[in-house]
Amino acid sequence: IVASLERWLSEKTGEASREILIRGALSAFMENEGVQRLAAGRLAHQDTAVEIRTAILDSLADFPFGATPEIWMDSIDACLVDEAPENLQIHACRAAGALRSNQFDDRLLVMGAHCCLPITVRLAAWEAVVERATEVDAQSFVLLTSQLHEKVPILDRIRGAKILSKAPLN
């Protein structure tokens, strides 16, 4: 499976059918160290298609690790940088939150407060870290409360309300 997975992860474009195969293979074999090493390496590699990287992140977020394998930390961190595509950052925030590792908390809090990042990324960062946050900064509070406005798309309103309901408001 590692050889097939390596070929699939190395493709330059991510077709929907290929992404399904990747997610299935990763879900089935994620406990295998060779699979983890391969997937973590492709995730960190900027030449890997964004669709494939998001498939890896989604598989990682859905896998019930007892403790997060160290091999994933740098790869996820590489997807949380400002220069990463918006969609990749959103999926990386979800994976970081699912792993429940406080290693990403500082970066997620900075992302949530970063006024130059897209709102979708900022909301994803807050969703990932809100249960471990000790406070909500003023910029983030404004962002989160602004999501409650009736003109904001309903899913973003729900996300904002959910985050605020869990946020440590002083």
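Residue numbers count from 1 along this sequence. Basis for what follows: all heavy atoms, side chains included, without hydrogens, waters or symmetry-related copies.
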Kindly indicate whether the side chain of [X], heavy atoms from C-beta on, has any atom under 4.5 Å from the side chain of [Y].
| X | Y | answer |
| --- | --- | --- |
| Met111 | Val121 | yes |
| Arg107 | Val81 | yes |
| Leu57 | Leu88 | yes |
| Leu108 | Trp126 | no |
| Ile76 | Cys79 | no |
| Asp62 | Arg94 | yes |
| Phe29 | Val2 | no |

message: Tell me whether Lys162 is salt-bridged to Glu127, with the criterion being a basic N under 4.0 Å from an acidic carboxylate O.
response: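 Here Lys162 does not pair with Glu127 in a salt bridge, since their nearest N and O are not under 4.0 Å apart.
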message: Check this for me: does any side-chain nitrogen of one of Asp105 and Arg100 sit under 4.0 Å from a carboxylate oxygen of the other?
response: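 Looking at Arg100 together with Asp105, the answer is no, because their closest N to O distance does not fall below 4.0 Å.
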Inspect the surroundings of [atom1] in [X] and state if more than 12 heavy atoms from other residues, nucleotides or ligands are less than 6.0 Å away.
| X | atom1 | value |
| --- | --- | --- |
| Gln103 | CD | yes |
| Asp74 | CG | no |
| Phe141 | CZ | no |

Any donor and acceptor pair, going by atom type alone, linking the side chain of [X] with main-chain N or O of [Y] inside 3.5 Å?
| X | Y | answer |
| --- | --- | --- |
| Arg157 | Val152 | yes |
| Arg122 | His114 | yes |
| Ser140 | Val136 | no |

From [X] atom [atom1] to [Y] atom [atom2], the distance as rounded to the nearest 0.5 Å:
| X | Y | atom1 | atom2 | value |
| --- | --- | --- | --- | --- |
| Leu38 | Glu33 | CG | CD | 13.5 Å |
| Glu83 | Gln46 | CD | CD | 8.5 Å |
| Leu60 | His91 | CG | NE2 | 13.0 Å |
| Leu9 | Leu43 | CG | CG | 9.5 Å |
| Asp58 | Ser27 | CG | OG | 10.0 Å |
| Thr145 | Ile163 | OG1 | CD1 | 11.5 Å |

Quick one: do [X] and [Y] end up in the same hydrophobic cluster if we chain Ile, Leu, Val, Met, Phe, Trp and Tyr together by side-chain heavy atoms under 4.5 Å apart?
| X | Y | result |
| --- | --- | --- |
| Leu117 | Val142 | no |
| Leu164 | Leu155 | no |
| Val110 | Phe104 | no |
| Ile20 | Leu5 | no |
| Ile56 | Ile71 | yes |

query: Among side-chain atoms of Thr48 and Arg53, is any donor-acceptor pair under 3.5 angstrom?
result: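 No donor-acceptor contact under 3.5 Å links the two side chains.
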